[in-house]
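Everything below concerns the one structure shown next.
Here is the naming used below: chain letters follow the sequence lines, and residue numbers restart at 1 for every chain.
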Protein chains: 2
Amino acid sequence: MRYEEKIVNSRKVYQGKVIDLEEETVELPNGEQAKREIVRHHGAVAIMCVTAEKKMIFVKQWREPMRKVTLEIPAGKIETNEKNPENTAIRELNEEVRLHPGKLDLLADFFTSPGFADEHMFLYYASDLKPVLTKLPQDVDEFLNVVELTLAEAKKEIEAGLICDSKTIMAVWQWELQELRRS
Amino acid sequence: MRYEEKIVNSRKVYQGKVIDLEEETVELPNGEQAKREIVRHHGAVAIMCVTAEKKMIFVKQWREPMRKVTLEIPAGKIETNEKNPENTAIRELNEEVRLHPGKLDLLADFFTSPGFADEHMFLYYASDLKPVLTKLPQDVDEFLNVVELTLAEAKKEIEAGLICDSKTIMAVWQWELQELRRS
């Protein structure tokens, strides 16, 4: 079976600071045409940190698209000058939780919304965490607090809806997987 | 600490078939203003199905935002006339894999890209699967094949990058969690 769609026409309809939007006309495998709405994003990282006290580190912040406060693992956009997402992870951990990882392991990388966006996210497991020596300036438009939770507390916050995004639920599930594999 | 942002101004910059785009000006907790780019989406469902032979059901399809073929669990947008996402799950299972679930359990619901989009996804576990009696028409612009994989095969496809989106990796991790909890 053929799956590929050929680009007939592509038009940038919006250029923003975080995302661009394109409208594509594609030719389907059967020769018919269809429209595709595509959000372009530069990619992102998310970092799973578990402390020596067996607590996961979360960031409490306002999310305007949903107009609610959320608890998420530290995360952020890959800047255009960052060639390696590991550098983004190190920077975001510094900015958001003031920790430096001695080690970063890639747990998974994935597309967050493959139906309409090309956002590619790299999920890291950070270990050997130490307080940073030099604090990077925080984003001027980010207001956040750091929260540490046990696995049981994190699972409760998923039920309660404060933990409510895919990357953070993935991190909590991955944590439980690691615990169950060890036991 | 105050987190909430107040909407100062909101402007729709694009209205599409799948997504709309808004530009907001918000007032931050410190009184300063910032811009927010927000993709509006009507929500979606994804369905985890494990057959009696212990194989998970995936759909192989082209994803134009990444211009690649992917293996994903059955999923789709909530239509404007669908008040309950369970109905969307039943419809999508019919359209994409021709199965009807005797039972649907909500595993989790989450936002897929909380930084720039309000897409809310409901992830179901479908059981008591039976062939549908009435086949719904398939989307004219969707070309897909159904693929069944064991847990070991699914984990290999994550490594290989054919399984490459958050909801599907969540389903595979959830499957492994369920297996480990049972053992």
Side-chain angles (χ1 to χ4, degrees), chain A residues 1-5 13-14 16-19 21 23-24 26 28-30 32 34-39 41 44 60-66 69-70 72 75 77 108-121 140-141 143 145 158 164-167 169-170 173-174 176-177 180-181, chain B residues 1-5 13-14 16-19 21 23-24 26 28-30 32 34-39 41 44 60-66 69-70 72 75 77 108-119 121 140-141 143-145 158 164-167 169-170 173-174 176-177 180-181:
Chain A
M1 178 159 175
R2 286 175 55 223
Y3 299 95
E4 186 170 346
E5 301 177 358
V13 292
Y14 177 79
K17 216 178 57 169
V18 178
I19 53 174
L21 182 62
E23 250 184 16
E24 276 190 8
V26 295
L28 302 170
N30 66 356
E32 301 286 315
K35 294 274 181 198
R36 300 285 180 236
E37 299 158 8
I38 302 171
V39 172
H41 186 284
K60 193 170 184 175
Q61 66 188 318
W62 180 259
R63 286 303 202 173
E64 182 60 19
M66 300 96 78
V69 170
T70 65
E72 299 173 36
K77 290 182 299 290
D109 68 286
F110 45 83
F111 297 95
T112 55
S113 298
F116 66 87
D118 69 354
E119 184 190 25
H120 191 182
M121 177 167 275
V140 291
D141 61 351
F143 293 76
N145 264 337
I158 293 175
C164 60
D165 76 292
S166 43
K167 68 177 178 302
I169 295 177
M170 287 178 84
W173 288 4
Q174 180 60 228
E176 190 173 356
L177 269 177
L180 284 172
R181 283 188 199 130
Chain B
M1 179 162 175
R2 287 177 53 223
Y3 299 95
E4 186 171 346
E5 300 177 359
V13 291
Y14 177 80
K17 216 178 57 169
V18 178
I19 54 174
L21 182 62
E23 251 184 16
E24 275 190 7
V26 295
L28 302 170
N30 66 358
E32 300 286 315
K35 295 273 181 198
R36 301 284 181 236
E37 300 157 8
I38 302 172
V39 172
H41 186 284
K60 193 169 184 175
Q61 67 188 319
W62 180 259
R63 285 302 202 175
E64 182 59 18
M66 299 96 79
V69 170
T70 65
E72 298 174 35
K77 290 183 297 293
D109 68 288
F110 44 83
F111 297 95
T112 55
S113 299
F116 67 86
D118 68 355
E119 184 190 24
M121 177 167 274
V140 291
D141 61 350
F143 293 77
L144 52 83
N145 264 335
I158 295 175
C164 59
D165 76 292
S166 44
K167 67 176 178 303
I169 296 177
M170 287 178 84
W173 288 4
Q174 180 60 228
E176 189 174 356
L177 270 177
L180 285 172
R181 282 189 199 129

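Chain B forms the most heavy-atom pairs under 4.5 Å with one residue out of A:Ala75, A:Ala108, A:Gly115, and that residue is A:Gly115. Per-residue counts of heavy-atom pairs under 4.5 Å with chain B were compared for A:Met121, A:His41, A:Lys35, A:Glu32; the largest is that of A:His41. Note on B:Asn30, B:Val26, B:Val13, B:Val39: by heavy-atom pairs under 4.5 Å with chain A, the leading option is B:Asn30.
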Checklist line | Stepwise side-chain contact (heavy atoms from CB on, under 4.5 Å) test for B:Leu180 and A:Leu177 | finding: CA-CA 8 Å; B:Leu180 285 172; A:Leu177 269 177; 3.6 Å; yes

Check: Under the salt bridge (charged side-chain N to carboxylate O under 4.0 Å, His left out) criterion, do A:Arg36 and B:Asp141 qualify, and how do the steps go?
Finding: CA-CA 10 Å; A:Arg36 300 285 180 236; B:Asp141 61 350; 2.9 Å; yes

Next item on the list: Verify side-chain contact (heavy atoms from CB on, under 4.5 Å) between B:Lys60 and A:Met1, making sure each step is shown before the conclusion.
Entry: CA-CA 10 Å; B:Lys60 193 169 184 175; A:Met1 178 159 175; over 6 Å; no

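Here the CE-CD distance, from A:Met66 to B:Glu119, works out to 11.5 Å after rounding to the nearest 0.5 Å.
Closest approach of B:Trp62 to A:Tyr3, counting heavy atoms only: CB-O, 3.1 Å. Minimum heavy-atom separation, B:Phe110 to A:Ile169: CB-CD1, 3.8 Å.
Looking at B:Asp109, the atoms closer than 4.5 Å to chain A (heavy atoms on both sides) all sit in the backbone: N, CA, C or O. B:Tyr14 touches chain A through its side chain: at least one heavy atom from C-beta onward sits under 4.5 Å away, while N, CA, C and O do not. Heavy-atom distances place no part of A:Ile158 under 4.5 Å from chain B, backbone and side chain included.
Applying the side-chain contact (heavy atoms from CB on, under 4.5 Å) test between A:Lys167 and each of B:Ser113, B:Ser166, B:Pro114 identifies B:Pro114 as the sole match.
With hydrogens and angles ignored, the 3.5 Å screen pairs a side-chain donor or acceptor of A:Glu37 with a backbone N or O of B:Ile19.
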